[in-house]
Amino acid sequence: MADRYEPASFEAAWQKRWKNAELFKTRTADDAPKFYGMDFFPYPSGAGLSVGHCRNYVPTDVICRMKVMQGYNVLHPMGFDAFGLPAENEAIKNKTHPAKMIERYAGTYRRQMELIGVSYDWSRSFSSSDPSYYKWTQWIFELMFKKGLAYRRLAAVNWDPIDKTVLADEEIIGGRAERSGAIVEKKWIPQWFFKITDYAQRLLDDLDELNWPEGIKSQQRNWIGRSEGVQFSMKVADSVKPATPVDDDFQVRSTKGSLAFEVFTTRIDTVFGMTFCVLAPEHPLIDSLVGVVGPVFTRRIREYQENAKTLSDTDRQATNREKTGVFTGAYAVNPANGAKVPIWIADYVLSTYGTGAIMAVPGHDERDYEFARKFGIDIVQVIAPSDKSEVKLPYVAKDGILVNSGEYDDMPVVESQTQLGIWMEGLGIGQRKVQFRLRDWLISRQRYWGCPIPIIHTKDGEMQLVLADCLPVELPVVENYEPSGDGSSPLAHIQDFVNVTDLDGRLGHRETDTMGGFACSSWYFLRFCDPMNDKEAWSIKLANYWMPVDCYVGGSEHAVMHLLYARFWTKVLYDAGLVAVKEPFARLENQGQVLALTPYRRPKEGEKLDLGDEGVLVSYKDAESIPEEDLFYRWARMSKSKGNVVTPEEAVEQYGADALRMYLLFVAPFSADVQWSNDGMQGQVRFLSKIFKLVDDSMTFYYPDWRDVIQFEDGDDLCKSIRRRTHKTIQKATEDIDRFAFNTYVSSLMIYVNDLVDLVKKHGANPSRGFALSLSEAIETLVLLISPGAPHSADELWTVIGQGGFTMNEVWPKFDAKLAADDMVTIAVQVNGKLRDTFEIEITASREELEATAMQSSKAKAHFDGLAIRKVIVIPGKLVNIVAS
RNA sequence: GCCGGGGUGGCGGAAUGGUAGACGCGGUGGUCUCAAACACCAUUGGGGUUAAACCCGUGCGGGUUCGAGUCCCGCCCCCGGCACCA
């Protein structure tokens, strides 16, 4: 056999054997515990996988393989998130149909995943664009519709002018579309929403029980944005009569013939400091005001509104922008003290949050303060520090007491918030209220490549669900499906699809918007439990067995998109009695990205760069011909556009699949970004070669039946010390895999191998019986412990040592605490906490013995001689600290 | 500004309040080779010494403790997210 790692000679062969033996088929032993380990399912892009994707898949594979060996029933599936914009755009570019394209790309993904030896059960695979899958996506949509959780309304929505569709709030990053990078425009069109806001509180509360990264949980909390406060009514002074009909929905209402509007505040304690109030430019009360404030004010107001309309959201919401606003000429009454305060209109108040109107307290709010200063409005202090010391306004701290607040003077802020809330509730002018930042999830897209929404619009303007046994509403296969750009879906122009008759024979037309891709990926983890079921979306029994996903692995970029949506759907399905869990993903892990050293050219004089760039991206080839002083390198995420991608094919070809796997595990903690390095890959080749040589060298004294013998023999000290290392390594490796510390899992194996190599060098030529037995155990254990990380090598070595079959079918080594226990320990001798010496002693040594031995240390003595010993701290098994002065 | 995560050798990173720098990469010296590559051996935080001893050292300043990379308080910096959300 080879005494080094020669991947070309065996890796592909093992992959073939695994496939033939159906090694990765989900096991369902009755008495076994279950483990559901899953990766975010990918959109299969034409670029194929890079080694960066492998960093997601390999660690999940490691924990799943270990769980199989530990006797779990493991569900480790993979499928494809095929519907959606990216696939459609690429298909348009390639002048092909997305279905065909996806099939080809998914095939490439699968081949690449198999190339690196990932143990997916492919018999359970599907794409979200398979009619047999999206039939059930539509079925869940219908469930939501029946429950009033899917609805259609006219709304100002985010329109992406490049992709020619609307997008959800979650898909907008800093005013730009996450996918296309286009600056989104506001468009008023009727759209479909899921009522995720109904679940805001539960989505927030249940985060506490999840074993997820803090950062993701906190992003979700921020996104949901719960705040507690008081909503109360403000009357417009002088009984101004409404000029136009008022709409209750928009918080405008008539109170005894006078106009009123609602405001929401989290700082009701500052209500006595209100010196003005502000309406958003879109606020419907304004239409009533303009009729009564006279032509001058009306003209100014309309001018301001027109101006606000032309501003993009991004510009309007830029925080550093100077405040603008206009006085309406009308006043409102502060219900707390009866004061008349001017009503202003300003675009720093958003129509989409709260009531679209605020009470402004410049003494205690930075924005109101800035506004008041600019327009010369009064600033009144109503909160002071408890000691009433002078403070600079605006004073926004919440610790303090009320001043200038009538009967509430001297009351602490927190108490006054409760008291004022109760007082307003008593008068019927307001109530304490919880406000969320979360908006409903906009689900419809004006694009072809998505799951059709199973709705028929009848002639009389009704909306009917397509009957369940008529599902799926299949996407028609057509040649031209490019977005129309007029706000309608391309499906709207396909007459055969659009025109239908309902059961009563009435003419109608189908809904032509499709669902965004995130709908399809909000339940796929349930389908994996029962993927071939054509009678129902999943059997409740199977879903209850496998759910929740025990370990879900993917990138952090989905924090407030997929991960929030999937939680929402699961809760809806839980309420419908279709799943037994309230949360889909018990544990979540985010992998870091793989970065590649990427060449850039310094800008030429006068050359313009994109914002944030320091230079111009160049190819590796061009970099060779650029003078050194004009060239620099940066670590950048691998991407096709940067030309810095390393493919799994290249890495496997040059170094081998196991070397790649071990490198990705070892190079950094799982969640950290890593810097791709060929030297690092070579290091793993060295490590694996060392293992092959070690096993080869051990064959001369390898004792296959060691297990039957070793338990009956006491063994010499050498035997014991080898077994100690073996069992310590078992413990460390097992724990490290469980806690996703794959870097230390590999490093513990390296330490183990280094030790064993030294031992074989020293004793291999003339092995004692105890050595041969314990080293045989060690070799076998080593092969099993590397199996999750380097499965090809493990199976190859398993054959070398004369065992049959696959290591994945073997039992994971069991840690024996007794065998791992030390009999000798190194004790540190400290003087005043500083290390001065160490000594070896039996672990059983008493505190007195430890202290006595430490006191004799000449190195330590030199530091406490002549000083008074005040105390001696003895920590058995660790150290002795002599405190002297 | 707010929220979250960090800051340890030349680099990636180890370290239940108990011997800081495991393991790897790189470097240096050597073996092998005609030579190179690969591989192997030794060495590698800084200062200091022939060698030791010893001194310094986990972003900065304080504190708690017999003992702090780890806990507490106050800062600085980096990364990620949100951002006029009342």
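Note that this is a predicted model, so its numbers are computed, not measured. A note on names: the letters A, B, ... follow the listed sequences, proteins ahead of strands, and every chain is numbered from 1.
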Checklist outcome for this item: side chain to side chain donor-acceptor pair (under 3.5 Å) pairs touching residues 661-671 of chain A, sequence neighbours excluded, are D61(A)-R661(A)
Checklist entry - Regarding N881(A) and K871(A), is there a side-chain donor-to-acceptor distance under 3.5 Å anywhere? => result no
Next on the checklist: If only side-chain N and O atoms count, and only distance matters, is there a donor-acceptor pair under 3.5 Å linking E370(A) with Y348(A)?
Outcome noted: no
Just call it for [X]: base, sugar-phosphate, or nothing, with non-hydrogen atoms closer than 4.0 Å on any strand.
{"X": "S677(A)", "value": "nothing"}
{"X": "D368(A)", "value": "nothing"}
{"X": "S671(A)", "value": "nothing"}
{"X": "K761(A)", "value": "sugar-phosphate"}
{"X": "R739(A)", "value": "sugar-phosphate"}
{"X": "G683(A)", "value": "sugar-phosphate"}
{"X": "V349(A)", "value": "base"}

Could you work out which one of [options] sits closest to the side chain of [X]?
{"X": "P669(A)", "options": "A86(B), A14(B), U19(B)", "value": "A14(B)"}
{"X": "M750(A)", "options": "G13(B), A86(B), C23(B)", "value": "C23(B)"}
{"X": "V667(A)", "options": "A22(B), G5(B), G12(B)", "value": "G12(B)"}
{"X": "D679(A)", "options": "G12(B), C25(B), C23(B)", "value": "C25(B)"}
{"X": "K323(A)", "options": "C82(B), C84(B), A14(B)", "value": "C84(B)"}
{"X": "F666(A)", "options": "G24(B), U16(B), A15(B)", "value": "G24(B)"}
{"X": "W223(A)", "options": "C82(B), U19(B), C23(B)", "value": "C82(B)"}
{"X": "Y353(A)", "options": "A86(B), G18(B), C23(B)", "value": "A86(B)"}

Next on the checklist: Please check: side-chain N/O of R724(A) versus main-chain N/O of A821(A), any donor-acceptor pairing under 3.5 Å?
Outcome noted: yes
Heavy-atom distance under 4.5 Å between the side chains of [X] and [Y], does that happen here?
{"X": "I786(A)", "Y": "V753(A)", "value": "no"}
{"X": "D368(A)", "Y": "I358(A)", "value": "yes"}
{"X": "V278(A)", "Y": "K323(A)", "value": "no"}
{"X": "V667(A)", "Y": "W676(A)", "value": "no"}
{"X": "K309(A)", "Y": "E282(A)", "value": "no"}
{"X": "P335(A)", "Y": "F232(A)", "value": "yes"}

N/O contacts under 3.5 Å, protein versus nucleotides 52-59 of chain B?
| residue | atom | partner | partner atom | Å |
| --- | --- | --- | --- | --- |
| C55(B) | OP1 | R836(A) | NH2 | 3.4 |
| C55(B) | OP2 | R836(A) | NH1 | 3.0 |
| C56(B) | OP2 | K834(A) | NZ | 2.9 |

Item to check | Under-4.0 Å side-chain N/O to phosphate OP1/OP2 contact, S556(A) with G80(B) | outcome: no
Checklist entry - Does R437(A) place a side-chain N or O at less than 4.0 Å from the phosphate oxygens OP1/OP2 of A83(B)? => result yes
When rounded to the nearest Å, what value does the distance between [atom1] atoms of [N] and [M] take?
{"N": "C60(B)", "M": "U50(B)", "atom1": "P", "value": "32 Å"}
{"N": "A53(B)", "M": "G21(B)", "atom1": "P", "value": "15 Å"}
{"N": "G17(B)", "M": "A68(B)", "atom1": "C1'", "value": "7 Å"}
{"N": "G74(B)", "M": "G81(B)", "atom1": "C1'", "value": "26 Å"}
{"N": "C41(B)", "M": "C23(B)", "atom1": "P", "value": "14 Å"}
{"N": "U8(B)", "M": "A15(B)", "atom1": "C1'", "value": "10 Å"}

Base-pairing assignment for [N] (Watson-Crick or G-U wobble, both under 3.5 Å):
{"N": "C84(B)", "value": "none"}
{"N": "G4(B)", "value": "C79(B)"}
{"N": "C60(B)", "value": "G74(B)"}
{"N": "A39(B)", "value": "U31(B)"}
{"N": "U49(B)", "value": "none"}

Protein-nucleic acid N or O pairs under 3.5 Å, nucleotides 28-31 of chain B:
none

Item to check | Closest-nucleotide ordering on RNA chain B, the 5'-leading residue of S748(A) and K732(A) | outcome: K732(A)
Checklist entry - Closest nucleotide of RNA chain B for I172(A) versus for I358(A): which of these residues is on the 5' side? => result I172(A)
Checklist entry - Base, backbone or nothing for each nucleotide of nucleotides 66-75 of chain B, written B, S, -, heavy atoms under 4.0 angstrom, 5' to 3'? => result BS--------
Which residues share a side chain to side chain contact (heavy atoms under 4.5 Å, CB included) with [X], sequence neighbours left out:
{"X": "R587(A)", "result": "I63(A), N211(A), C551(A), E589(A), F740(A)"}
{"X": "R725(A)", "result": "S721(A), Y752(A), D755(A), L759(A)"}
{"X": "K732(A)", "result": "D736(A), R739(A), T744(A), S748(A)"}
{"X": "T838(A)", "result": "T826(A), L835(A)"}

Sort me out a list of protein N/O and nucleotides 36-39 of chain B N/O pairs below 3.5 Å, or just none if empty.
| residue | atom | partner | partner atom | Å |
| --- | --- | --- | --- | --- |
| A39(B) | OP1 | Q682(A) | NE2 | 3.3 |
| A39(B) | OP1 | R686(A) | NH1 | 3.0 |
| A39(B) | OP2 | R686(A) | NH1 | 3.1 |

Next on the checklist: Rounding to an integer number of Å, can you tell me how far L204(A) CG sits from C3(B) C1'?
Outcome noted: 14 Å
Checklist outcome for this item: Sequence neighbours excluded, the answer for side chain to side chain donor-acceptor pair (under 3.5 Å) partners of Y745(A) is none
Next on the checklist: Would G10(B) be called syn or anti here, given the cut-off of 90° from 0?
Outcome noted: anti
Next on the checklist: Could you work out, with ring-ring contact (aromatic ring centres under 6.0 Å, His included) as the rule, every residue matching F40(A), not counting sequence neighbours?
Outcome noted: Y552(A), H558(A), H562(A)
Item to check | Residue list, ring-ring contact (aromatic ring centres under 6.0 Å, His included) with F375(A), at least two apart or on another chain | outcome: W344(A), F371(A)
